[in-house]
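Here's the structure we're looking at; comments come further down.
Whatever order the structure lists them in is the order used to number ligands and atoms, beginning at 1. Position 1 is the first residue of the sequence; numbering continues from there. Values below: every heavy atom of this structure, side chains too, minus hydrogens, waters and symmetry copies. Since we're looking at a predicted model, the values are computed, not measured.
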Amino acid sequence: MKTFHHVRSLQAELATARSRGKRIGLVPTMGNLHAAHIALVNIAQAHCDVVVTSIFVNRLQFGLNEDWDCYPRTFEQDCQKLQDANCDMVFHPEEVEIYPNGMDQQTRVVVPSMADVLCGASRPGHFEGVTTVVSKLFNIVQPELAVFGVKDYQQLAIIRRMVEDLHLPVRVISGEVVREEDGLAMSSRNSFITPEERPRACELYRALGWVREEIVQGNTDFTALQGAAKARIREAGFRPDYVSICNSTTLQLAAVDDRQITVLGAMYTGAARLIDNLSLQR
Ligand code: PAF
């Protein structure tokens, strides 16, 4: 596996691969890789000849009071995992490489309407940071396809919308949520869950599963379902941020006759903010 820290050297290598007719796939990550990331690499490998995994903890998508400084950075272990998975290239740039003119006056990419709801409501500017850095990564790597996890459902929907709106020549593919045995969605932030909290941390998943089942059984009182799910999370000892029953494409609150619905939720443990989602078709 080749490691690149600079845009130029990565692009030179990719130009050679492209001239040999190789199809290039990108898996953007912030590192601290676990099984769910490796599953995304495997999906990219199934479609492409050369897979680039980027590892960059993007400060632009973190709020001032968020966990950018303590976000787990485990580059050596990440490289070992990528090597074991036969990933071809890892791109691990310094901040100045991605933001050569600094961040304050950085040109931004914004997907209005979808970026200010759900996680965007409690993390203002977060998705602007995500779409800006993902656009940069798309421009740097120029992949045929890029793979993102369904665990970050809102992020995936926003990136799909950005690609559509800007006619970006990249296919976005998704990888299913990978879960621990009790249902907790795998996430780098799970390392912030304490041993005491851990047995209860799957309550977010359980509450969303209960809402999904109620809708499947014909319950259309979405407001009551959202409230009851939040109460379950509170009873488990956590602070719910939101539980929302949404149209799977627009992420607006679902209408009673919407056919494709996603139930999204977020909750706070003592030190982590966890998110999850479950979809259903009617
Ligand atoms: O999902 C993530 O890890 C990040 O939001 C991403 C897509 C790599 C952008 O920094």
Here's a test for you: under side-chain contact (heavy atoms from CB on, under 4.5 Å), which of [options] qualifies with [X]?
X: Trp210; options: Arg206, Glu213, Glu214, Arg212; result: Glu214
X: Val27; options: Val90, Val41, Leu82; result: Val41
X: Val109; options: Ile158, Asp165, Thr132; result: Thr132

Just jot down the salt bridge (Lys or Arg N to Asp or Glu O under 4.0 Å) partners of Arg179, sequence neighbours excluded, or say none.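 Only Asp276 meet the salt bridge (Lys or Arg N to Asp or Glu O under 4.0 Å) criterion with Arg179.
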Pair Phe91 and Phe56, ring centroids less than 6.0 Å apart: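 Between Phe56 and Phe91, which both carry aromatic rings, the centre distance is not below 6.0 Å.
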Geometric cation-pi criterion, Arg123 with Trp68: 6.0 Å, 45°: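 Ring-cation test returns no.
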With the criterion set at N/O pairs under 3.5 Å, what does the list of contacts between the protein and ligand 1 look like, atom names and distances included?
| unit_1 | atom_1 | unit_2 | atom_2 | d |
| --- | --- | --- | --- | --- |
| ligand 1 | 1 (O) | Gln155 | OE1 | 3.4 |
| ligand 1 | 1 (O) | Gln155 | NE2 | 2.8 |
| ligand 1 | 5 (O) | Gln61 | NE2 | 3.0 |
| ligand 1 | 5 (O) | Gln155 | OE1 | 2.7 |
| ligand 1 | 10 (O) | Gln61 | OE1 | 2.6 |

